[in-house]
Amino acid sequence: MKKLKIADGIHMLTMNVEDILFEGIWEIANGVTLNSYIVQGEKTAIIDGVIGWDGVPETLYKNLEEIGVAPQSIDYLVVNHMEPDHSGWISNFRKIKDDFTIVCTDRAARMVSSFYGEDKIRVVKEGDTLDLGKGKVLSFHPVPNVHWPDTMYTYERDTKTLFSCDMFGAFGRMGEHCFDDELTPEEEEFFEFEAIRYYSNVMATFTPSLKKAIEKARSLDINIIAPGHGPVYRKNPQKIINDYCRYSQYAEGAGKNEIAILWGSMYGMTEKAVKHVEEVLRREGVRYSKLQMPLKSESEMVATVFRAAGVIIAAPTYEYKLFPPVATALNELGRKRITGKAAFRFGSYGWSGGAEKELKEILERNNMKWDFIESVEFEGAPRQEDLARIEARVLELIKKMGSKVVE
Ligand code: FEO
């Protein structure tokens, strides 16, 4: 765990978490940070905590002491969002201190009680304030369904700091550099992908609510954005607000100028056509990523399709249906409400078709509204005329996705 001063009277404590499945699902290859913030006036508040793993709250206490804050002197736990990656330490904290007040929304209050049995709770609503003394005044701004329905922003007026919890967060471990103005170009690129991975894996389902939260952030006068995951933005907080706005467009069909090839092959027949498509894309100078299912992690798959303006689905028929690992991936994209992508599918069949029918069912069931070019199916291995038809449709896809590119 690392401690950093982010403004007068405000510190961040941050730890890298690795080798976990985030939410018990997402394999996050580059880890994630959990950030807590301590605001000191005459009274002390901790905004968002840490996960409740063995040894973690104790590490937090040790770091608090090193910045001159006795854990027992904390008066308020501000719970911006109840998910246990931020609140999991509350029961442990109860063991070392009797008298503290949890500050949260009414939706969070129910969960704070049901998850941790806490009842000394101050429920806040839009615009309520908490004066900590010495000029430090916190105000509270609910942003429901920024992930869970309980979420709120906390804003510190003196330093104009927005504590945004999941909003404006990113996956990815932090090294020495924790502020936007310290990041090298490589680190900026790293956090761009990790923010996309985070948005697409965790937040995409809630895009309509995130758009409202973006507007709420824009209505505040902000010098610093201090999220619960990832770097702190103090040089240009508007950048991450604009980035999140762009990601909300990715969730609704826009994307970078690249194609994601979501593919699977049983015995290499569909793969032969994938290889041909790669030649076409290289010749046309179109950036692309290959996602072979089931070998790619769901986290990588969702993030890569999410950020692409065009998607090619290459999958054969398997037992009268779509090749199951690709069907599973598409269902996951549907659950995440990733809509409106420009797309094209091709694939092989042996003794029966059926993949196309299931593809349509998945799209309809999830109301995905993907904009498809007519599919190409071929019996057994692709012949020259099949490859020519696929090539023509790939060129059509490149044209179609042009109107959806937002970099
Ligand atoms: Fe970082 Fe929704 O918890």
Side-chain angles (χ1 to χ4, degrees), residues 1 12-28 30-37 46-53 56-57 60 77-91 102-105 107-112 114-116 140-154 162-174 178 191 194-214 216-217 225-233 240 243-244 247-248 251 298-299 302-303 335-337:
M1 194 173 286
M12 170 170 83
L13 300 183
T14 180
M15 61 184 283
N16 287 326
V17 178
E18 309 197 41
D19 304 323
I20 61 158
L21 293 177
F22 196 79
E23 297 183 316
I25 304 171
W26 306 104
E27 191 183 307
I28 40 173
N30 299 315
V32 61
T33 64
L34 303 180
N35 305 332
S36 293
Y37 299 94
I46 182 162
I47 301 175
D48 299 325
V50 286
I51 208 157
W53 283 348
V56 170
L60 178 74
L77 307 191
V78 177
V79 177
N80 273 334
H81 168 38
M82 231 303 296
E83 192 166 12
D85 53 330
H86 307 282
S87 68
W89 70 302
I90 289 178
S91 299
I102 291 174
V103 180
C104 63
T105 63
R107 298 298 294 270
R110 273 187 69 160
M111 288 191 277
V112 167
S114 64
F115 277 61
Y116 306 119
F140 306 103
H141 307 275
V143 279
N145 297 317
V146 167
H147 206 200
W148 288 10
D150 60 313
T151 314
M152 65 178 185
Y153 289 149
T154 296
L162 181 72
F163 301 97
S164 59
C165 200
D166 279 357
M167 193 70 189
F168 308 124
F171 281 143
R173 69 180 79 82
M174 287 198 288
C178 300
F191 281 112
E194 291 298 332
I196 286 174
R197 188 206 291 271
Y198 180 74
Y199 187 115
S200 61
N201 289 190
V202 178
M203 308 281 262
T205 309
F206 307 98
T207 290
S209 302
L210 267 72
K211 284 158 95 173
K212 289 183 191 156
I214 289 167
K216 191 166 276 191
I225 291 182
H229 306 287
V232 171
Y233 302 88
I240 189 67
D243 285 350
Y244 257 59
Y247 305 156
S248 72
E298 293 253 305
S299 168
V302 170
R335 284 165 64 102
K336 288 290 159 196
R337 299 195 191 155

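Indexing begins at 1, ligand by ligand and atom by atom, following the structure's order. Numbering starts at 1 and runs along the sequence shown.
Distances from atom 2 (Fe) of ligand 1 show that His81 has an N/O/S atom below 2.8 Å. Residue contact annotation: His229 places an N/O/S atom under 2.8 Å from atom 1 (Fe) of ligand 1.
The N, O or S atom of Glu83 lying closest to atom 2 (Fe) of ligand 1 is OE1. For Asp85, the N, O or S atom with the smallest separation from atom 1 (Fe) of ligand 1 is OD2. Restricting His147 to its N, O or S atoms, the one at the least distance from atom 2 (Fe) of ligand 1 is ND1. When you scan the N, O or S atoms of Asp166 for the one nearest atom 2 (Fe) of ligand 1, you land on OD2.
Side-chain atoms of Tyr199 and Thr207 include a donor-acceptor pair closer than 3.5 Å. A donor-acceptor contact under 3.5 angstrom links the side chains of Tyr198 and Asp166, judged on distance only.
The aromatic ring centres of His229 and Phe168 sit 6.0 Å or more apart.
Between the CZ atom of Phe115 and the OG atom of Ser87 there is a distance of 7.5 Å, given to the nearest 0.5 Å.
Within the 3.5 Å criterion, the main-chain N or O of Trp26 finds no donor-acceptor partner in the side chain of Ser299.
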